[in-house]
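Structure provided below as structure tokens; questions to follow.
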There are 2 protein chains.
Amino acid sequence: MSAVVSRPAGLETRRAILDAALDLFSKRSFDGASTRAIAELAGVTQPLLNYHFAGKEELWRAAVDDLFERFRTSMQRRLSGLRGVDEVTIAKLMVRHFVEFSAANPQLYRIIMQESKRAGGRLDWMVETHVRPMYENAVAMFERLAARGKLAPVAPAHLYYLLTGAGASVFVMAPECQRLTGVDPFAPEFVAAHADLVVDLLIRATTEESA
Amino acid sequence: MSAVVSRPAGLETRRAILDAALDLFSKRSFDGASTRAIAELAGVTQPLLNYHFAGKEELWRAAVDDLFERFRTSMQRRLSGLRGVDEVTIAKLMVRHFVEFSAANPQLYRIIMQESKRAGGRLDWMVETHVRPMYENAVAMFERLAARGKLAPVAPAHLYYLLTGAGASVFVMAPECQRLTGVDPFAPEFVAAHADLVVDLLIRATTEESA
DNA sequence: CATTTACCTGATCGAGCGATAAGATTCGTT
DNA sequence: AACGAATCTTATCGCTCGATCAGGTAAATG
């Protein structure tokens, strides 16, 4: 029974709740993020979450929907108007965008990793609703690269987790990285260098070079 | 006030509690794993956890100690008696062992990733007690490889998170991998192939080959 | 055999959890 | 200005959490 949003104040509040929920769900996990903490961060009272969303689980789903939607649209925007461009270049752009998005929105892979550790309803829903389309895009990219000899002919499961793990882990674990190495992984130069590394690792540079 | 363990039954119970705690802490996070659930999985009653350990936090620390200790000893055993062997071969063995250990004990990187998302006392303790020594070993390995031209001269923070993320993520996220791709990442052939891939990615094969 | 002490359990505490009910308030509509 | 729906709050429910306590059982010790 999510409310019929029809006034600007309601939309703003919804937005604030979603942002707070993403922050706390991603850092503290589903169980560790209390609805009271989310409400406080959003600047509202706790029962209001149940007015805008049907319950904690549905708030989580709405927040995850919002985050994946942002990833999809940003990727589409990045790749729009590149119809004639070389496929290897497009693949590099896709990988680079994934790394950059993971740096700007570490919540995405924090939540994915959190839920992926344990079988259950939330994982099932997330995989079928959001992860599988992402995965199939990645697999199609792997196949285009393999057809051009730019990728070892390995099962896509290896490449997918290799790529996402290598590209997103630093940002997922940013507080540890900061404390362990003294380096801020969100610094623009670090993000750029990391994206370069991941691109180079995945796509063996042979002769041509782009982006 | 951890008890002075001096009878075999106590040691066995301690072991069962630690195993249950590792399983649930790693899958459900610190907050999500209730002491009652841990006790039930260990086959004991809940107040017994407070007899053997001073509280939830200290149980967590004991479990994490145990896990890192297992990693250290298994790595030492793997590398013992290799004093004269080529350093590149040793590096490959280290990376391979890391991947294989992450497959056999996904709890390690599940817990590391969980705690690394959020600054706090548990992260501080874990980094200074366990992660930093591991990291320094890795950095020393990177430097030996770079000195032989086997590694791009990149800041160790990049390489460390690249390596660990690429090597451990599949196993951390095994339930998702199973559902998403139908592949069981714990199957021996998958583990071996993944280790090969990570080794090849990190250490650019030039001419020689070993292990 | 009696005593001590390590090991373990049942009962229960206060605190925090997610959720709901009832009512106040705000704002677009007429 | 008045009405009604949308928005938000205060108070409170039942439940589970981690922790404590008093007591029971069993094994090693003298």
Side-chain angles (χ1 to χ4, degrees), chain A residues 1-64 114-115 118 120-122, chain B residues 1-64 114-115 118 120-122:
Chain A
M1 285 129 191
S2 73
V4 179
V5 178
S6 58
R7 284 204 286 218
L11 285 174
E12 285 171 25
T13 307
R14 246 184 101 94
R15 180 75 260 150
I17 293 174
L18 284 177
D19 288 338
L22 277 176
D23 189 39
L24 294 188
F25 277 142
S26 69
K27 280 185 189 153
R28 308 188 180 186
S29 88
F30 183 82
D31 294 306
S34 75
T35 56
R36 279 174 175 82
I38 295 172
E40 189 185 8
L41 185 60
V44 299
T45 54
Q46 182 255 349
L48 194 63
L49 306 203
N50 277 61
Y51 171 74
H52 283 287
F53 307 92
K56 193 183 185 183
E57 188 105 7
E58 191 172 304
L59 168 59
W60 179 86
R61 286 222 303 246
V64 172
Q114 173 61 42
E115 297 300 329
R118 194 181 166 202
R122 288 199 301 274
Chain B
M1 291 128 186
S2 77
V4 179
V5 179
S6 60
R7 280 201 277 197
L11 285 174
E12 285 172 25
T13 307
R14 246 184 102 93
R15 182 74 260 150
I17 293 174
L18 284 177
D19 287 340
L22 277 176
D23 188 40
L24 294 188
F25 277 142
S26 70
K27 281 184 190 153
R28 307 187 180 185
S29 89
F30 183 82
D31 294 307
S34 75
T35 57
R36 281 173 174 83
I38 294 172
E40 190 185 6
L41 185 60
V44 298
T45 54
Q46 184 255 349
L48 194 62
L49 305 204
N50 277 62
Y51 171 76
H52 283 286
F53 307 91
K56 192 183 185 183
E57 187 105 6
E58 192 174 301
L59 168 59
W60 180 86
R61 287 222 302 246
V64 172
Q114 174 61 40
E115 296 300 328
R118 194 182 166 200
R122 288 198 302 273

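When reading the values below, keep in mind they use all heavy atoms of this one structure, side chains included, and skip hydrogens, waters and symmetry mates. What you see is a predicted model; the values in this text were computed from it and never measured. Naming: A, B, ... by sequence-line order, numbering from 1 per chain.
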Exercise. Please round to the nearest 0.5 Å and tell me the distance separating atom CZ of B:Arg28 and atom CG of A:Asp31.
Key: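 Those atoms lie 8.0 Å apart.
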Quiz item: Got a second to check how far A:Leu41's CG is from A:Ile17's CD1, nearest 0.5 Å?
Solution: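 A:Leu41 CG to A:Ile17 CD1: 11.0 Å, rounded to 0.5 Å.
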Practice problem: Examine C:dG18: is either OP1 or OP2 under 4.0 Å from a nitrogen or oxygen in the side chain of A:Thr35? Give yes or no. | Solution: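 Indeed, a polar side-chain atom of A:Thr35 lies that close.
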Quiz item: Atom CG of A:Leu11 to atom P of C:dT26: distance rounded to whole Å?
Solution: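 One finds 19 Å between P of C:dT26 and CG of A:Leu11, rounded.
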Quiz item: Base, sugar-phosphate alone, or nothing: which one does B:Ala37 contact when heavy atoms must sit under 4.0 Å apart?
Solution: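 No contact at all - B:Ala37 keeps every heavy atom at 4.0 Å or more from the nucleic acid.
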Practice problem: Calculate the interatomic distance between B:Leu49 atom CG and D:dG18 atom P; express it in whole Å. | Solution: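 Between P of D:dG18 and CG of B:Leu49: 9 Å.
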Quiz prompt | Closest-nucleotide 5' rank along DNA chain C - winner of A:Ser34 and B:Thr13 | solution =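 Final value for this comparison: B:Thr13.
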Exercise. May I ask you to verify whether the side chain of B:Arg36 and the base of D:dG18 hold a donor-acceptor pair under 3.5 Å?
Key: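 Side chain to base: pair found, below 3.5 Å.
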Practice problem: To the nearest 0.5 angstrom, please state how far the CZ atom of A:Arg14 sits from the CG atom of A:Leu59. | Solution: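 One gets 9.5 Å once the value is rounded to the nearest 0.5 Å.
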Exercise. Verify the contact: side-chain N or O of A:His52 to OP1 or OP2 of D:dC8, cut-off strictly under 4.0 Å; return yes or no.
Key: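 Indeed, a polar side-chain atom of A:His52 lies that close.
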Self-check item: Integer-rounded Å distance: C:dC8 P and B:Asn50 CG
Solution: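 One finds 14 Å between P of C:dC8 and CG of B:Asn50, rounded.
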Quiz item: Rounded to whole angstrom units, what separation is found between the CZ atom of B:Phe53 and the P atom of D:dT20?
Solution: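 It is 16 Å, rounded to the nearest whole Å.
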Quiz item: Checking all strands, does B:Ala39 fall into the base, sugar-phosphate, or nothing category for heavy-atom contacts under 4.0 angstrom?
Solution: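 No contact.
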Practice problem: Would you indicate which nucleotide in C:dT9, D:dT9, C:dC7 comes nearest to any side-chain atom of B:Tyr51? | Solution: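 Ranking C:dT9, D:dT9, C:dC7 by closest atom to the B:Tyr51 side chain puts C:dC7 first.
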Exercise. Please work out whether the ring planes of B:Phe30 and B:Trp60 are parallel, tilted or perpendicular, with thresholds of 30° and 60°.
Key: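 Rings of B:Phe30 and B:Trp60: perpendicular, as their planes differ by over 60°.
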Quiz prompt | Integer-rounded Å distance: D:dC17 C1' and B:Ile38 CD1 | solution =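 After rounding, the gap between these two atoms is 12 Å.
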Quiz prompt | Nearest-Å distance for atom pair CG/P, residues A:Leu48 and C:dA21 | solution =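 It works out to 16 Å between those atoms.
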